[in-house]
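First the proteins, then the strands, lettered A, B, ... as listed; each starts at 1.
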Number of protein chains: 2
Amino acid sequence: MRILIVEDEPTLGQQLKTTLEQTGYAVDLSVDGEDGHFMGSTEEYDAVILDLGLPEIDGLTVLGMWRKEGKTFPVLVLTARDSWSDKVAGLDAGADDYLAKPFQTEELIARLRALIRRSTGNATSELIAGKVRLDTRSGRVTLDGEPVKLTAQEYKLLSYLMHHKGKVVSRTELIEHIYDQDFDRDSNTIEVFVTRIRKKLGADVITTIRGLGYSLDDPADAPRG
Amino acid sequence: MRILIVEDEPTLGQQLKTTLEQTGYAVDLSVDGEDGHFMGSTEEYDAVILDLGLPEIDGLTVLGMWRKEGKTFPVLVLTARDSWSDKVAGLDAGADDYLAKPFQTEELIARLRALIRRSTGNATSELIAGKVRLDTRSGRVTLDGEPVKLTAQEYKLLSYLMHHKGKVVSRTELIEHIYDQDFDRDSNTIEVFVTRIRKKLGADVITTIRGLGYSLDDPADAPRG
DNA sequence: CCTCGACGATCAGGATACGCATGCATGTTC
DNA sequence: GAACATGCATGCGTATCCTGATCGTCGAGG
């Protein structure tokens with residue numbers, strides 16, 4: 001899962017970036033509205049954290065531009081002001097949630113998790129596909145109830161696939177969503193990690209669709225449509 | 001749009017109901033967890049407003065039951081408590097948003113709007129022709145609900161035909177849209193793939209119009225209504 | 001109704017691109 | 001500095017694709 005943070009205060013921004021990366025997200029950080037808008041328009045994000053009090057361009061303006069462009073990623077708005085009218089304005093401008101500063105980092109993470117879960121159409125924080133379970137809260141993965149140790153990248157890859165269960169995900173899409181910008185797209189790392197995940201969870205977990213990408217299917221919601 | 005309110009405090013509940021009705025929603029009001037759960041399970045709602053501090057059954061429990069039953073309507077949780085851990089628990093239990101009491105009615109409405117907008121925003125990009133369904137988002141094809149495995153080229157060909165359902169598509173047109181430039185036009189690959197698709201999906205899916213090309217028709221919108 | 005020409009369908013073999021697995025060098029973490 | 005994670009390069013096996021030949025079918029005209 002890849003996140004964009006648009007925050008003009010360098011300390012807070014960098015701190016958020018670090019925390020989120022430790023949580024298992026790929027994070028890009030932008031420090032002003034113009035650059036932030038550009039990033040959000042050109043790159044693929046699963047969620048955006050947007051500070052309203054930006055220099056140059058106002059956060060709400062940026063948000064409005066994205067929505068006009070048809071961008072649908074969920075946006076979590078940060079506001080220093082504690083007036084509910086601002087919140088209402090933010091929500092109506094297309095924000096999906098907001099958080100007033102100062103806030104607990106845990107709460108930010110929980111809200112982010114909920115946003116991504118919701119935007120990918122999942123009802124709970126525990127993703128299940130056959131014998132494999134992935135708890136987005138604890139970041140744990142189990143196979144037949146047995147805990148499985150995954151590395152950071154393996155987890156990111158699996159998590160993205162499980163969030164998009166049943167969908168055919170191209171290699172490019174995977175690269176765009178588990179790495180932050182500046183990554184060699186002509187590389188076979190995705191294949192390598194798919195191999196490693198299969199070794200740990202079984203070969204049948206991830207299906208290859210030749211020429212298109214990969215797909216993670218749940219035997220439970222198979223046929224019988 | 002139809003809303004369910006589960007709120008044990010009669011005054012607040014009734015007031016909310018009135019306000020939302022004036023805003024243009026159809027509103028059902030339930031005053032305890034058990035009844036609320038029943039309503040949510042049996043009726044069709046576009047969103048639910050759920051108070052956590054309920055008598056009898058706890059709000060979080062009700063929410064958990066709905067999610068287990070596969071209910072996906074967006075849920076806005078109301079909580080009197082202002083501890084972020086409760087909020088985190090609520091979000092992770094499957095809530096889509098929460099609001100701490102006391103709150104401004106305007107804010108509630110704005111959040112509700114945002115929730116519904118998001119949950120209905122995902123128009124299904126599914127192409128249907130008779131027994132065949134092709135989901136462009138997930139890249140999957142089903143026949144009578146049974147998933148069918150197509151190769152990349154087969155998928156491209158079928159996809160193009162389904163996008164132009166009912167139209168007669170020439171072989172040249174197919175080649176131009178399936179292959180990038182510079183492809184031997186005097187080749188019979190199209191015929192080969194049509195054959196393969198027919199083998200997988202049935203001979204009647206693709207109709208041959210001799211001398212002109214192919215056409216994919218939906219019995220549903222056949223000539224003569 | 002039959003014949004014939006033209007077009008489309010089908011089949012099978014070889015070429016190729018694709019994905020898999022493994023080893024190794026470089027980074028990162030404790 | 002050791003253990004581990006990551007990403008790149010290589011060689012290999014195979015599903016997939018294209019080609020070309022043959023077979024089948026449609027439809028018009030005799």
Side-chain angles (χ1 to χ4, degrees), chain A residues 17-19 21-27 139 141 148-161 168-216, chain B residues 139 141 148-161 168-216:
Chain A
K17 178 165 155 57
T18 308
T19 310
E21 278 173 348
Q22 283 166 359
T23 314
Y25 296 105
V27 183
V141 175
V148 176
K149 214 183 149 195
L150 293 187
T151 69
Q153 296 299 83
E154 289 164 5
Y155 177 83
K156 283 186 204 170
L157 178 40
L158 181 67
S159 166
Y160 189 83
L161 284 177
V168 178
V169 182
S170 73
R171 213 161 292 111
T172 340
E173 184 176 346
L174 281 170
I175 288 181
E176 274 171 354
H177 286 268
I178 71 183
Y179 293 101
D180 45 18
Q181 58 183 160
D182 311 328
F183 185 85
D184 182 18
R185 272 111 200 278
D186 299 333
S187 137
N188 67 342
T189 40
I190 296 298
E191 279 130 292
V192 172
F193 282 112
V194 167
T195 300
R196 288 175 184 160
I197 292 174
R198 280 181 176 150
K199 266 192 182 168
K200 294 185 179 180
L201 298 177
D204 53 331
V205 173
I206 299 174
T207 314
T208 304
I209 291 94
R210 211 160 226 269
L212 294 177
Y214 297 98
S215 145
L216 191 145
Chain B
V141 176
V148 177
K149 215 183 146 196
L150 294 186
T151 69
Q153 299 295 77
E154 289 164 6
Y155 177 83
K156 283 189 208 165
L157 176 42
L158 179 68
S159 168
Y160 189 83
L161 284 177
V168 178
V169 181
S170 73
R171 215 160 290 113
T172 351
E173 185 176 348
L174 281 170
I175 288 181
E176 276 169 357
H177 284 88
I178 289 174
Y179 297 97
D180 38 12
Q181 59 194 28
D182 310 329
F183 184 84
D184 183 17
R185 271 110 198 286
D186 299 334
S187 141
N188 68 340
T189 42
I190 297 298
E191 279 124 300
V192 172
F193 284 115
V194 167
T195 299
R196 289 187 182 153
I197 292 174
R198 281 180 175 151
K199 267 193 179 169
K200 293 185 179 180
L201 298 177
D204 54 332
V205 173
I206 300 174
T207 315
T208 304
I209 289 93
R210 231 180 146 75
L212 294 177
Y214 298 97
S215 143
L216 191 145

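For the pair A:T195 and C:dA21, the criterion of a side-chain N or O lying under 4.0 Å from OP1 or OP2 is met. Contact annotation: B:T151 reaches the phosphate of D:dC17 (side-chain N/O to OP1 or OP2, under 4.0 Å). Under 4.0 angstrom from either OP1 or OP2 of D:dC17 there lies no side-chain N or O belonging to B:Y179. Between A:T208 and C:dC20, a side-chain N or O to OP1/OP2 separation shorter than 4.0 Å is present.
Within 4.0 Å of A:Q153, counting heavy atoms only, lie sugar-phosphate atoms of the nucleic acid but no base atom. A:S187 comes within 4.0 angstrom of the backbone, heavy atoms only, and of no base. If you check every strand for non-hydrogen atoms under 4.0 Å, A:R196 touches a base.
In this structure, CD of A:Q22 is placed 15 Å from P of C:dT28, rounded to the nearest angstrom. Distance CD1 (B:I178) to P (D:dT16): 17 Å, rounded to an integer number of Å. Taking atom NZ of residue B:K199 and atom C1' of nucleotide C:dA9, one finds them 10 Å apart after rounding to whole Å. The NZ-C1' distance, from B:K200 to D:dA15, rounds to 11 Å in whole Å. Put simply, CD1 on B:I197 is 15 Å from C1' on C:dT10, counting in whole angstrom units. Atom CD1 of B:I209 is separated from atom P of C:dA6 by 22 Å (rounded to the nearest Å). What separates CG of A:L150 from P of D:dT6 is a distance of 10 Å, to the nearest Å. Between the C1' atom of C:dG8 and the CZ atom of B:R198 lies a distance of 9 Å, rounded to the nearest Å.
Between A:K156 and A:H177, every side-chain heavy-atom pair lies at or beyond the 4.5 Å cut-off. Using a 4.5 Å heavy-atom cutoff, the side chains of B:L216 and B:V169 are not in contact.
Of the residues A:K200, A:K149, A:R196, A:K199, the one that meets the side-chain hydrogen bond (donor to acceptor under 3.5 Å, both in side chains) test with A:E154 is A:K200.
For the residue pair A:R198 and A:T208, a side-chain donor N or O sits within less than 3.5 Å of a side-chain acceptor on the partner.
Nearest to the side chain of B:R210, among D:dC8, C:dA6, C:dC11, sits C:dA6. Closest to the A:Y214 side chain, of the nucleotides C:dG19, D:dC18, D:dA5, is C:dG19. Relative to the side chain of B:N188, the nucleotides D:dC8, C:dT10, C:dG19 differ in distance, and C:dT10 lies closest.
Closest approach of A:D180 and A:V27 over heavy atoms only: OD2-O, 3.5 Å.
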